[in-house]
S.K.: 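Just passing along the structure, written as C-alpha cells.
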Amino acid sequence: MLQGKNIIIGISGSIAAYKTITLVRFLIKAGANVKVVMTPAAKEFASPLVLSTLSKNPVFIDLSTESSWANHVELGRWADLMVIAPLSCNTLAKLAHGFCDNLLMAVYLSAVCPVVVAPAMDEDMWKHSTTKENIAKLIVANNKIIPVENGELASGLIGEGRMAEPEAILKFIIEFFTVTGTIKDFAGKNILITAGPTYERIDPVRYIGNHSSGKMGIALAEEFTNRGASVTLVIGPTKQNISSSIYKTVQVTSAEEMYNACVVEFPASDIAIMSAAVADYTPVTASHQKIKKNDLTFTIELKKTKDILGHLGSVKTEKQFLVGFALETNNEREYALGKLKAKNADLIVMNSLNNKGTGFGVDTNQVTIFHKEGKEFEFILKSKMEVAKDIADVIKTCTHE
Ligand code: CTP
C-alpha cells in the first residue's frame, strides 16, 4: 500500500514513544522505506536498537559524532513524508518557533516534504493557551495534525492528550498518500518561477520598491520541487528563507536583472510562472552619488521597465506553458482577462487586494485562475502553500488537455 514511499519517523521524548515502535513495524509491512530520527530524550522511551532493527536502517539521533556529521538536508530531501510521533510539548514549541538544537529539528527545518505530527501530552498541557498557539502556528505552516485521543494519560488522569494509536496514524498516512496521489507528477519538467519585488535604484541609498515578500513564489518553488520538477527561482530582494540547496535560485535586484535572468532561463523551461511583483517603472537615470535635498519639490523621471511576462508570451513555443499573476483592486476579472490575452499567457492567477487575507506579506491567499480557453477555477482563502498546490493541480489539468 505504501510501496516505495520514503517516510521519516521523528520521535520526541514522551511515554507514547512505545507506540511508535508498532507504527514503524506497520509502515515496513505496508512497503514503506522508513528512517527514524529521535531526539536525545526519546532514547529513554524507545530503544534505538529495536527501531533500527525494525526499520532496517540506522537510527539518527545526534547532529554529529566524533567522526561524522548527520546530513539533515539529505534526510529532509529523501523523504516523501515526515511524521513526528509522538510530538511532545517541548518539541511542539520548538517546531512553532524554528529552534534547531537537535537533529530532529534540523531535519524538520530542512524537510521539503509535507509534515504530519501526532501530539502526546497531559491534558493540562494540551489545553494550555501556549500549546494552542503553537498548534495554530504549525497549521499555518501547513503541517498536518493527527488529533489527540481521550483516555488514560501518563499522569494517571483520564482526559484529552493521548497520542493517536498506531493504527490511526497508519490510516492517516495512507489517506494522505491517497489524496496527494502520485507526488512526482512534474518529474522531468523544467519550471521557471519569478518571485518577490524588484528594487529600482534612485541613488546609492534609495530605491523604488514594493511590499511583495516572495512567499507565494517560494511556496510554488517548493511545491513543484516536491512533485519532482527541476525548478529555477528568479527572486528579487527578500527576507524569506530560500531552500537554495533543493532548487536553483537566481537572486536579482532590479526589473532589468530579472528580465535578463528570465531570458537566459526560459528557452529550457517547460513551464514559466511569473509571480514576481515587478516594478512597472524605473528611474531614467540613477545618481551615482546620494541626492541632497535642496528644493521644496523633487521630481524623478521614470521609464517603463521591460515586461517579462509579455516578452516570454511573445517568444514562447507551442510546447511551453506560461502563467502570469494579476493583483487587482478593482474590475478584477476584466483586468485579469485583459492581461491573459495581452501577454499571450496560458493561465492568469488573479488575486484581489479587496479580499481579506490576500496580498503582500500575509501567509494566505485567495485566487481565481483563468485559462485562455475560458475555464475558470475559483478557490477559497488558503495558506500560500495550499494555493501553490492548487496552481500546480490546475497547470496539470490544463497541460493534459
Ligand atoms: N510582470 C512582468 N514584468 C513586468 C511587470 C509585470 O513579468 N515588468 C508580470 C508579473 O510578474 C505578473 C504580471 O506581469 O505576472 C502582472 O501583470 P501587469 O499588467 O504588469 O500587472 P501590474 O504590474 O499590476 O500592472 P497594471 O498596473 O497595469 O495593473
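Computed from heavy atoms alone, side chains included, the values below leave out hydrogens, waters and symmetry copies. What you see is a predicted model, and the numbers here were worked out from it, not measured in a lab. Read the numbers this way: they start at 1 and go in the same order the structure lists the ligands and their atoms.
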S.K.: Step by step, work out the salt bridge (charged side-chain N to carboxylate O under 4.0 Å, His left out) result for Glu328 and Arg333.
M.R.: CA-CA 9 Å; Glu328 308 292 348; Arg333 207 188 140 79; over 6 Å; no
S.K.: For atom 12 (C) of ligand 1, which candidate among Tyr335, Phe325, Tyr281, Tyr259 provides the closest heavy atom?
M.R.: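 Ranked by closest heavy atom to atom 12 (C) of ligand 1, first place is Phe325.
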S.K.: Identify, for atom 3 (N) of ligand 1, the protein heavy atom at the shortest distance, and state residue, atom and that distance.
M.R.: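 Nearest neighbour among protein heavy atoms for atom 3 (N) of ligand 1, to 0.1 Å: Ile308 N, 3.0 Å.
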S.K.: Pick, from Asn210, Asp307, Thr282, the option with the minimum heavy-atom distance to atom 2 (C) of ligand 1.
M.R.: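 Answer by nearest heavy atom: Asp307.
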S.K.: Should you measure from each heavy atom of Thr305, which atoms of ligand 1 turn up under 4.0 Å away?
M.R.: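 Under 4.0 Å from Thr305, ligand 1 has these atoms: 8 (N).
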S.K.: Is there a polar contact, in the sense of an N or O pair closer than 3.5 Å, between Met274 and ligand 1?
M.R.: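 So ligand 1 has an N or O lying under 3.5 Å from an N or O of Met274.
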S.K.: Decide whether Glu200 and Thr198 meet the rule of one side-chain donor and one side-chain acceptor closer than 3.5 Å.
M.R.: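 The answer is yes; a qualifying pair exists.
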S.K.: Could an N or O of ligand 1 be found under 3.5 Å from any N or O of Ser275, whether backbone or side chain?
M.R.: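 No, Ser275 has no N/O under 3.5 Å of an N/O on ligand 1.
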S.K.: Just to confirm my output: which protein heavy-atom neighbour is closest to atom 19 (O) of ligand 1, and how far is it?
M.R.: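 Here the nearest protein heavy atom works out to Lys339 CE, 3.0 Å.
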S.K.: With a 4.0 Å cut-off on heavy atoms, does Lys343 reach ligand 1?
M.R.: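 Yes, that is the case, since the closest heavy atom of the residue is under 4.0 Å from the ligand.
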S.K.: Verify salt bridge (charged side-chain N to carboxylate O under 4.0 Å, His left out) between Asp203 and Arg206, making sure each step is shown before the conclusion.
M.R.: CA-CA 5 Å; Asp203 70 12; Arg206 303 179 181 94; 2.4 Å; yes
S.K.: Please verify whether a non-hydrogen atom of Ala255 lies at under 4.0 Å from ligand 1.
M.R.: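 Not so, Ala255 does not reach ligand 1.
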S.K.: Measure the distance from atom 8 (N) of ligand 1 to every protein heavy atom, then report the residue, atom name and distance (to 0.1 Å) of the closest one.
M.R.: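 The closest heavy atom on the protein side is Lys306 O, 2.9 Å.
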S.K.: Between Arg162 and Glu152, does at least one N-O distance fall below 4.0 Å, as a salt bridge requires?
M.R.: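 Looking at Glu152 together with Arg162, the answer is no, because their closest N to O distance does not fall below 4.0 Å.
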S.K.: Can you say whether the rings of His371 and Phe321 are parallel (under 30°), tilted (30 to 60°) or perpendicular (over 60°)?
M.R.: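 Because their plane-to-plane angle is under 30°, the rings of His371 and Phe321 count as parallel.
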S.K.: Any chance the side chains of Ser352 and Glu332 put a donor and an acceptor closer than 3.5 Å?
M.R.: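 Short answer, yes.
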S.K.: With the threshold set at 4.0 Å, does a side-chain nitrogen-carboxylate oxygen contact exist between Lys343 and Asp307?
M.R.: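 The answer is yes: the pair qualifies as a salt bridge.
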S.K.: Say whether Tyr199 and Asn210, considering side chains only, have a donor N or O and an acceptor N or O under 3.5 Å apart.
M.R.: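 Short answer, no.
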S.K.: Under 4.0 Å, counting heavy atoms only: does Lys304 come that close to any atom of ligand 1?
M.R.: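 In this structure, Lys304 fails to qualify as a contact of ligand 1 - no heavy atom is under 4.0 Å.
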S.K.: For atom 9 (C) of ligand 1, which candidate among Leu309, Val349, Leu340 holds the nearest heavy atom?
M.R.: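 Going through Leu309, Val349, Leu340 one by one, Leu309 has the nearest heavy atom to atom 9 (C) of ligand 1.
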S.K.: Does an N or O from Ala276, backbone or side chain, lie closer than 3.5 Å to an N or O of ligand 1?
M.R.: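 By distance alone, the answer is yes.
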S.K.: Taking the six-membered ring of Phe177 as reference, does the cationic atom of Lys5 (NZ for Lys, CZ for Arg) lie under 6.0 Å from its centre and within 45° of its axis?
M.R.: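 So Lys5 does make the cation-pi contact.
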S.K.: Examine Ala326 against ligand 1 and note whether any of their N/O atoms are separated by less than 3.5 Å.
M.R.: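 No, no N or O pair falls under 3.5 Å.
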S.K.: State the atoms of ligand 1, each with its element, that fall below the 4.0 Å cut-off from a heavy-atom position in Gly324.
M.R.: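 Close to Gly324: 15 (O).
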S.K.: Below a 4.0 angstrom heavy-atom separation, can you tell me which part of Asp280, side chain or backbone, both or neither, approaches ligand 1?
M.R.: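 Under 4.0 Å from ligand 1, Asp280 contributes side-chain atoms alone.
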S.K.: Would you indicate whether Ile145, at its atom CD1, is surrounded by more than 12 heavy atoms from other residues, nucleotides or ligands within a distance under 6.0 Å?
M.R.: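 More than 12 heavy atoms, drawn from other residues, nucleotides or ligands, come within 6.0 Å of this atom.
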